[in-house]
4 protein chains.
Amino acid sequence: MTGRRGRPRSAAVDWAVEQATLDLLARVGYHGLTIEAVAARAGVGRPTVYRRWPTKDDLVVDVLSRAVPVLADPDTGDALRDLELLASEVLERLVAAGVGPVVLAVLGAAVDRPELASRLEERYLSPRLGVLGEVIARGVRTGRVRDDLDVTVIRDLVLGPLVYRVLLSGRVWDRAERAAATAAVRRAIAAPGVAEDAPPSPAGKPVTAPPRRRRRASSPS
Amino acid sequence: MTGRRGRPRSAAVDWAVEQATLDLLARVGYHGLTIEAVAARAGVGRPTVYRRWPTKDDLVVDVLSRAVPVLADPDTGDALRDLELLASEVLERLVAAGVGPVVLAVLGAAVDRPELASRLEERYLSPRLGVLGEVIARGVRTGRVRDDLDVTVIRDLVLGPLVYRVLLSGRVWDRAERAAATAAVRRAIAAPGVAEDAPPSPAGKPVTAPPRRRRRASSPS
Amino acid sequence: MTGRRGRPRSAAVDWAVEQATLDLLARVGYHGLTIEAVAARAGVGRPTVYRRWPTKDDLVVDVLSRAVPVLADPDTGDALRDLELLASEVLERLVAAGVGPVVLAVLGAAVDRPELASRLEERYLSPRLGVLGEVIARGVRTGRVRDDLDVTVIRDLVLGPLVYRVLLSGRVWDRAERAAATAAVRRAIAAPGVAEDAPPSPAGKPVTAPPRRRRRASSPS
Amino acid sequence: MTGRRGRPRSAAVDWAVEQATLDLLARVGYHGLTIEAVAARAGVGRPTVYRRWPTKDDLVVDVLSRAVPVLADPDTGDALRDLELLASEVLERLVAAGVGPVVLAVLGAAVDRPELASRLEERYLSPRLGVLGEVIARGVRTGRVRDDLDVTVIRDLVLGPLVYRVLLSGRVWDRAERAAATAAVRRAIAAPGVAEDAPPSPAGKPVTAPPRRRRRASSPS
DNA sequence: TCCTAATCGAGACGGTACGTCGCGTCTTCGC
DNA sequence: GCGAAGACGCGACGTACCGTCTCGATTAGGA
């Protein structure tokens with residue numbers, strides 16, 4: 001055993017720096033975030049920050065992955081509904097006052113920073129999208145989700161429209177648009193034969209036995 | 001009449017700066033772009049750049065909107081197919097060696113820069129998405145696209161998955177995934193009764209009377 | 001005759017620029033004077049200023065030499081007294097609110113600008129010190145001033161202490177100090193036998209040893 | 001104990017910057033001196049220079065006061081002679097190749113920069129003129145210098161002509177002029193009864209008309 | 001009466017220096 | 001050895017003026 005000589009690192013420092021980072025991210029955004037400011041606000045020397053996080057990106061990703069809890073699998077019995085709930089949850093977080101904008105900012109910054117992108121993927125996205133993958137797999141297994149689509153493609157179809165909307169316009173779907181979009185995505189990924197509309201009932205009835213018919217508009221005849 | 005006093009601005013300068021900006025964007029990305037470097041590479045004084053574009057964002061958006069041609073309406077007769085072609089075209093551009101990555105970078109940077117975002121929206125996105133809107137409207141009119149979806153929602157559904165994929169993973173769908181995703185989106189937005197697969201015929205027959213049947217896989221029991 | 005074709009230069013412009021220069025000199029000092037500001041304040045294009053005065057120095061010296069009237073020879077009959085009056089007058093002007101500080105500033109600036117120094121000498125100082133030289137010569141001729149001192153040395157002795165004081169300390173002699181200094185300089189340059197103190201009488205009656213001669217121009221013999 | 005936290009400032013940097021400043025002052029004069037150039041020539045970052053000397057003036061005055069040694073009191077026994085020696089020394093330095101012109105330039109620049117002037121006074125002039133003041137006081141005490149003149153006035157009389165000459169004309173007295181001027185100043189400030197001419201002999205043997213008296217204090221009749 | 005040419009304002013242009021900010025590294029002290 | 005404090009070389013920022021250069025519009029002569 002080496003035995004770790006000298007003064008051990010202070011956990012309080014870690015905490016202070018992370019808090020400072022979150023505060024500042026919320027306040028000035030990713031591009032306005034400065035190691036200098038972080039250190040100052042944490043009451044810490046700049047080299048102390050660098051000692052733990054060699055780059056701003058490391059710091060931010062680390063802080064984010066610690067601050068944002070992993071999504072929980074709703075597991076209502078209906079995998080399609082689970083997906084919708086997860087998507088809804090994702091959207092909620094993206095828009096939420098706290099870390100939401102920060103996550104977006106970092107995603108944005110990652111675009112032309114492959115370093116950041118991969119670290120983000122590894123430390124933040126994968127753990128979080130894992131649940132989605134599981135739910136999708138379950139959906140395929142239980143015959144609720146089409147089996148001719150790659151898992152990642154389904155993910156893109158579920159999250160893409162929603163993220164795209166927020167990223168580009170900053171605005172978000174209203175209640176009606178959201179319902180329509182949800183139904184549309186369901187059409188895109190639901191296995192053939194699955195009823196077109198999700199049951200609006202809050203605690204989704206178990207499935208397997210498909211609801212007989214529930215079209216929105218009248219049939220074309 | 002006003003008569004435009006003083007020495008007129010040199011078009012050559014505009015050109016040189018725009019070229020330099022594109023070059024550097026491709027080389028070092030948005031976050032690595034420096035007005036200083038732009039001016040140097042354009043053989044121009046720094047103040048000259050600032051005189052025309054007060055901020056880096058102004059410059060970049062202006063350059064992009066000038067450099068990227070607006071999408072043309074394919075108008076094959078089948079609006080659904082038109083949408084697919086447009087999406088395909090958008091994807092192509094996003095990935096393309098030239099401005100593609102640049103556009104992505106700027107989109108990313110815009111996330112936590114509302115200023116940039118709105119300028120981008122106004123000068124870059126709207127003109128380009130306009131075509132998409134028209135095609136969608138035509139689709140609705142001709143009964144190829146559902147009429148219970150807002151135009152912007154459809155846009156999100158068409159572009160979202162694709163952009164999300166590129167933005168987040170940097171990777172892109174392979175041929176098969178692309179086909180599957182395309183079909184899925186079609187399911188999401190096609191009007192009821194419209195055949196599931198797009199007719200591969202290049203110059204789509206006019207619509208109204210929906211093509212009777214054209215499934216890819218067998219019907220769902 | 002060439003005949004000077006084209007539009008003649010406007011005298012109004014000359015005037016406006018000179019006024020602007022004086023104003024600004026008084027306001028911001030020599031080192032704070034900018035051609036830009038001069039032009040703006042004169043309501044004139046910058047090139048118009050450059051057309052007439054190639055450098056800031058040219059402009060300033062020209063303006064000064066036009067603005068500050070040449071000292072008049074008091075010619076009281078007593079050359080020593082004349083010198084004192086002249087010195088007094090010089091001091092007055094140096095301290096005066098208007099051009100005084102400006103002259104000092106330019107003198108100061110001239111120190112490490114030989115160009116400016118020589119132009120200043122030629123256009124400003126010489127004409128003004130000429131009178132002093134004449135008075136000194138007259139003093140020597142009339143036996144009031146020592147003849148073993150070079151004219152320029154006398155000039156240095158008369159003006160030096162006074163200018164030095166103002167230049168370095170900004171402060172100026174009070175009444176008593178001034179009288180004492182005047183008397184001291186008189187001791188330094190007065191011909192032997194001339195009474196030590198200047199008569200305090202306002203309209204200098206000759207003193208003790210009256211000046212032998214009083215003519216201004218007639219031959220000495 | 002304060003304990004002086006953080007990395008101490010490098011003496012090498014001080015030294016390098018001061019050298020660079022002196023070099024450049026000698027080369028391009030005060031008005032041509034650039035912080036940028038100083039930093040470059042010292043091999044130092046610009047902010048490092050600003051950290052120590054907030055303004056160009058601070059830098060220059062500091063450098064000068066460090067570079068020019070304070071005059072030593074000759075103390076030959078004859079205060080009048082001491083004054084002449086000091087004046088001579090001052091002149092020498094003003095004209096000397098090294099800092100001489102620099103001092104002049106700064107003096108000049110100080111004219112319309114009260115900030116600079118007061119700093120110059122405080123950090124440069126007073127320490128240096130202190131000796132002069134002491135010698136003058138001694139002269140008064142020993143009866144060699146008139147007691148009806150303020151110390152500062154005497155200083156003006158001693159240094160004024162000399163500085164005036166150098167400042168304005170750049171030229172300097174030749175041997176004869178210098179002797180004459182010296183004698184003149186002596187007349188101006190010597191106590192009554194003191195022999196008129198200073199002994200030009202290097203080690204002050206009395207000359208021509210040897211001063212009858214050489215006592216230090218007694219009254220002249 | 002036109003023509004021609006210099007001058008006027010305005011302001012763009014390539015530059016240089018400004019003084020500031022943040023970077024990431026280093027060096028010192030005191031726990 | 002860690003941690004704060006902060007100096008260091010560096011590079012970019014956005015601004016102010018520089019002195020030169022086009023411009024269109026005056027404004028006189030001379031033809």
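These numbers come from the heavy atoms of this one structure, side chains and all, not from hydrogens, waters or symmetry mates. Chain letters run A, B, ... following the sequence lines, proteins first and then strands; every chain starts at 1.
- F:dA7 atom C1' lies 11 Å from atom CG of D:Asp14, rounded to whole Å.
- Atoms CG (C:Asp57) and C1' (F:dC18) sit 14 Å apart, rounded to a whole Å.
- When A:Thr21, A:Asp58, A:Asp62 are each tested for a side chain to side chain donor-acceptor pair (under 3.5 Å) with A:Trp53, only one passes: A:Asp62.
- OP1 or OP2 of F:dG9 sits under 4.0 Å from a side-chain N or O of D:Thr48.
- Heavy-atom distances to DNA chain F give each of D:Ala42 and B:Pro54 a nearest nucleotide, and the one nearer the 5′ end belongs to D:Ala42.
- Ionic pairing of D:Asp14 and D:Arg9 is not present here: no N-O contact between side-chain nitrogen and carboxylate oxygen is shorter than 4.0 angstrom.
- Electrostatic pairing of D:Asp57 and D:Arg119 does not count as a salt bridge here, judged by no charged N lying under 4.0 Å from a carboxylate O.
- B:Tyr50 places its OH atom 7 Å from the P atom of F:dT15, with the value rounded to the nearest Å.
- The distance between atom CG of A:Asp58 and atom P of E:dG24, rounded to the nearest whole Å, is 11 Å.
- Residue B:Thr34 places none of its side-chain N or O atoms closer than 4.0 Å to OP1 or OP2 of F:dG11.
- For the pair B:Glu36 CD and E:dT16 C1', the computed distance is 12 Å after rounding to whole Å.
- Summary of the strand contacts: B:Val13 and D:Thr55 both lie near DNA chain E, and taking for each the nucleotide with the nearest heavy atom, the more 5' one is attributed to B:Val13.
- Here C:Pro47 lies in heavy-atom contact (under 4.0 Å) with a base.
- Look at CZ on D:Arg51: it is 17 Å from P on F:dA5, rounded to the nearest Å.
- Nearest-nucleotide positions on DNA chain F place A:Gly45 closer to the 5' end than the other of D:Arg9 and A:Gly45.
- Atom CD1 in D:Ile35 sits about 15 Å away from atom C1' in E:dT16, given to the nearest Å.
- Regarding contacts with the backbone of F:dA28, every side-chain N or O of C:Arg7 stays at 4.0 angstrom or more from both OP1 and OP2.
- One atom, CZ of C:Arg46, and another, C1' of E:dG14, lie 13 Å apart when rounded to the nearest Å.
- Side chain of C:Thr34 to main chain of C:Ala37: a donor-acceptor pair is present (N/O by atom type, distance under 3.5 Å, no hydrogens or angles).
- Of the inter-residue distances, the one linking D:Leu33 atom CG with D:Leu25 atom CG reads 5.0 Å to the nearest 0.5 angstrom.
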